[in-house]
Amino acid sequence: MTALLHVEGLGKRFGGFVALDGIELEVQGGERLGLIGPNGSGKSTLVNCICGTLQNETGSVRFADQALDGLSAHERTRRGLARSFQLPRPFASLSLAENLRIPILYAVNARGTGAIAGPAINARCRDLLGEVGLAEKADRLPRDLTQIEMRKLELARAMAAQPKLLIADEAMAGLLHAEVDEIIALLIRLNGQGVTVIMIEHIMRAVMEFSQRLAVLVAGKKIADGAPKDVVRDAEVVRAYLGE
Amino acid sequence: MDVSLDLLMNAMISGLLLGGFYAAVSIGLLGMAVYQVYYVAFERRDDQSLRGLSFFFGLLFIAEVGLILVFGVDYRSVNARYIGPSLQLVLFDLPWRLLVPFLVSMAMAIGLQIFLSRSFLGRAIQAVAQDQLALQLMAANPTRIKRIAFGLSIATAALAGACLIIIQPVEPSIGREYIGRVFAICVLGGLGSFPGMMIAAMTLGIVESLTSTFFGPSWAPAVAFGVLLVTLAVRPSGILGR
Amino acid sequence: MRGTPFILILIAIAAVIFGLARWLDNSYAFFVGYVVVQYIVLGTAWNILGGYTGYVNFGITAFFAIGAYSSVVLHKLVPAMPLPAMIVVGGVMAGIVGIGTGYLTLRLRGVFFSIATLALAVVVQTLITNWDFVGGARGAYVLRPRVAPLIGGGYIDYLFLIMLGLCVAALATARAIERSALGFGFAAIRDDEAAAEASGVPTLRLKLIATGLSGGFMGMAGAPLPFYVTYLDPASGFSLNYAVNAIAMPLIGGTSSWLGPVVGAVLVGGLQEYLRVTISSAVNVLVAGVLMVVFVIIAPQGIVGLFKRKR
Ligand SMILES: Nc1ncnc2c1ncn2[C@@H]1O[C@H](COP(=O)(O)OP(=O)(O)O)[C@@H](O)[C@H]1O
Ligand SMILES: [Mg+2]
């Protein structure tokens with residue numbers, strides 16, 4: 001079986017600044033991958049390039065045996081990629097339930113199979129909000145949420161697209177200990193249903209508990225990739241995190 | 001059509017001079033930044049941008065109707081000693097009515113550019129369009145910077161307007177033509193690029209001047225938009241844009 | 001069809017209004033009614049792009065005048081052509097121009113899109129001013145038939161009826177959008193384009209649909225204008241009044257629903273007419289601009305928003 005996601009030689013610059021340099025990454029279908037790296041190392045940029053929010057200058061992305069290069073973000077979402085934004089970007093004028101309605105209408109229902117119609121859409125939105133613990137606020141506007149609740153909304157919106165691969169970009173920053181456990185359980189449950197998950201996270205406890213494999217990004221380069229236990233003991237990784 | 005070298009030459013020259021004047025108006029490049037800033041102040045992609053823009057559009061309309069109520073809809077002009085005569089050179093004439101605004105505009109544009117790139121305040125103005133947080137870390141108050149930038153841009157535009165009445169008679173709705181022109185120049189030059197803006201302003205001045213000379217002045221307002229559309233279709237980032 | 005009852009109610013209201021005007025049998029009522037209903041159509045058209053997707057179009061006069069001048073051209077070429085056919089042509093022309101400019105300019109962020117549309121209005125005006133076939137800067141006369149086809153009575157009765165029909169179509173379209181997936185897609189674009197894309201919304205296609213519909217309705221609203229004014233020149237066809245009214249009325253009434261432009265147009269249009277008669281025509285044009293500025297500052301949700309429950 002070939003990998004579900006296949007990133008090859010991916011490079012991205014901002015002006016003269018090299019944000020990503022020749023990234024190689026493979027993710028197998030059904031896998032749980034942790035992606036770590038210091039702030040500014042290019043993790044979010046990598047997500048943006050994979051999902052089409054930004055266009056990479058070099059390299060290519062293959063997903064489910066199709067080349068994604070040149071496809072816009074919405075086409076990638078329809079093919080089964082979904083992500084949460086690190087800085088939450090809710091639809092401010094729509095209620096939480098309506099926020100989740102967008103990916104259902106435009107990603108799920110655009111796929112031809114498994115379309116959801118009529119009252120079932122609303123029910124599904126509320127179920128998803130329940131999974132992240134926001135059921136009570138389904139009819140509120142995003143401005144009534146705390147920053148932490150917005151992260152949960154981000155995650156729920158990505159889940160609403162019913163992706164094959166879900167990328168959670170620091171969905172747990174600022175969460176309480178118990179809440180972190182909840183989200184990890186949620187992601188593992190999702191993974192159990194066959195969704196491949198990439199988790200970007202700083203909370204090492206969460207990363208170690210969640211990941212089957214760990215990749216490390218430092219200054220736009222991937223410096224390690226392997227079993228979590230080995231990676232955290234890797235000399236280079238330790239140096240990157242703790243300094244000389 | 002009788003295309004003599006002489007005519008071509010004079011059209012080019014007045015085009016260049018006109019271009020200098022456009023450059024001054026386009027320091028409203030800054031005005032763009034201000035707009036952007038206002039837009040940020042009204043909460044970026046929030047519902048407010050709609051209202052922020054409409055607010056300015058309302059002001060534009062009120063100013064225009066106000067001017068009509070005071071001055072009427074007719075063209076008005078001014079008299080000055082230097083309006084009329086030309087500086088006679090060997091190959092061509094330099095009409096003072098264009099030369100004076102050209103020099104004023106150039107001095108203003110270059111002065112502003114130096115101010116923006118050298119002084120603390122100028123750099124802060126450029127920074128505020130990019131990153132408010134970084135600016136706050138520099139211990140500058142973004143709101144104050146924006147206010148100054150806005151004032152500066154309005155003042156620049158007003159001075160450019162004062163130059164305009166030397167070049168040609170004006171009427172209350174003439175400003176609308178300039179919005180399109182300035183915008184075309186900024187896009188053609190590449191948003192945020194001073195040398196790009198200069199080149200674009202000169203280019204547009206020449207193309208417009210040639211257009212009015214050979215096709216008639218009534219076609220001139222369409223040139224800017226033509227240039228804009230071609231730029232957007234062929235090279236959206238502009239001549240010197242990133 | 002879910003929207004059918006709504007359309008039937010609209011038609012009933014339009015019929016009552018028309019019947020009332022006929023019963024009054026006062027041509028002044030028709031002239032004023034025409035203007036107000038025309039502004040409902042223009043405001044609704046603007047709101048489809050501005051209120052729903054958040055892209056502020058300042059170039060209303062370009063689309064409006066394309067509709068008006070396509071009628072002038074058709075009237076010269078095929079004098080016998082019925083007005084509804086001209087409206088369809090005008091609407092299609094303006095819709096195509098809307099999609100075309102949209103395609104080039106929608107890549108620009110908010111502010112720049114707005115300025116580009118303003119520039120578009122200047123260019124269309126330049127083209128018309130230089131086009132002798134439609135009278136150039138001098139303008140063109142259009143002979144209005146004395147008697148209305150089909151319904152009898154003055155021709156203005158017919159124009160009013162046509163405009164009422166357009167209004168029903170525009171409002172039904174706007175409300176249908178609000179309740180459909182399209183409306184949710186538009187709202188997502190308005191709130192956050194990158195997030196909309198990431199949720200699968202084909203933003204460019206949706207924005208083109210919005211510019212096409214919006215421009216098309218503006219063109220249709222303009223198509224009967226030559227018959228209403230009987231003399232059309234660029235200065236009046238491209239008057240900034242149309243643009244300001246079309247923006248001010250939805251903003252004053254409320255941009256979030258189809259009802260806003262209706263409320264705004266009736267109130268502001270009525271007030272303008274009252275001021276025109278009682279004070280002067282110079283003051284009445286200022287009203288929309290001033291009210292708009294006041295409203296965006298103190299009542300950003302518009303009149304409809306004031307009455308809506310706060311979520
Ligand atoms: N749109 C952008 N323009 C310019 N620089 C950017 C942009 N986005 C990210 N960067 C830069 O790229 C680098 C990587 O950022 P990012 O991918 O957000 O890092 P991470 O998610 O690993 O913290 C940072 O130095 C950041 O400043
Ligand atoms: Mg990040």
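Below, chain A is the first sequence line, B the second, and so on; all start at residue 1.
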**Request:** Using the test salt bridge (Lys or Arg N to Asp or Glu O under 4.0 Å), find all partners of C:Glu178 that sit at least two apart in sequence or belong to another chain.
**Result:** none

**Prompt:** Quick one: CG on C:Leu286 to CZ on B:Phe61, what's the gap to the nearest 0.5 Å?
**Reply:** 6.5 Å

**Prompt:** Between C:Ile247, C:Thr129, C:Thr101, which residue shows the highest count of heavy-atom pairs closer than 4.5 Å to chain B?
**Reply:** C:Ile247

**Prompt:** Crowded around C:Tyr274 OH? As in, over 12 foreign heavy atoms under 6.0 Å?
**Reply:** no

**Message:** For C:Leu120, which atoms come within 4.5 Å of any heavy atom of chain B: side chain, backbone, both, or neither?
**Reply:** both

**C:Leu240, part contacting chain B, at a heavy-atom distance under 4.5 Å** = both

**Request:** For residues 236-256 of chain C, pull every pair meeting ring pair (Phe, Tyr, Trp, His ring centres under 6.0 Å), keeping only residues two or more places apart or in separate chains.
**Result:** C:Phe64-C:Tyr242

**Request:** Using a cut-off of 6.0 Å, state whether more than 12 heavy atoms not belonging to B:Phe71 lie near its atom CZ.
**Result:** no

**Prompt:** Of C:Val293, C:Val244, C:Leu251, which meets side chain to side chain contact (heavy atoms under 4.5 Å, CB included) against B:Phe57?
**Reply:** C:Val244

**Rounded distance (nearest 0.5 Å) linking atom CZ of B:Phe183 with atom CG of C:Leu118** = 10.0 Å

**Fill in**
Looking only at heavy atoms, the pair that brings B:Ser54 and C:Val296 closest together is CB-CG1, 4.5 Å

**Message:** Between B:Leu69 and chain C, with a heavy-atom cut-off of 4.5 Å, which part of the residue counts as in contact: side chain, backbone, both or neither?
**Reply:** side chain

**Counterpart residues, salt bridge (Lys or Arg N to Asp or Glu O under 4.0 Å), relative to C:Arg276 (two or more places apart)** = C:Glu273

**Asked** By a 4.5 Å heavy-atom criterion (distance strictly below it), what part of C:Ala243 contacts chain B: side chain, backbone, both, or neither?
**Response** both

**Request:** May I ask you to list the residues in residues 217-224 of chain B that approach chain C closer than 4.5 angstrom, counting heavy atoms only, ordered by number?
**Result:** B:Ser218, B:Trp219, B:Pro221, B:Ala222

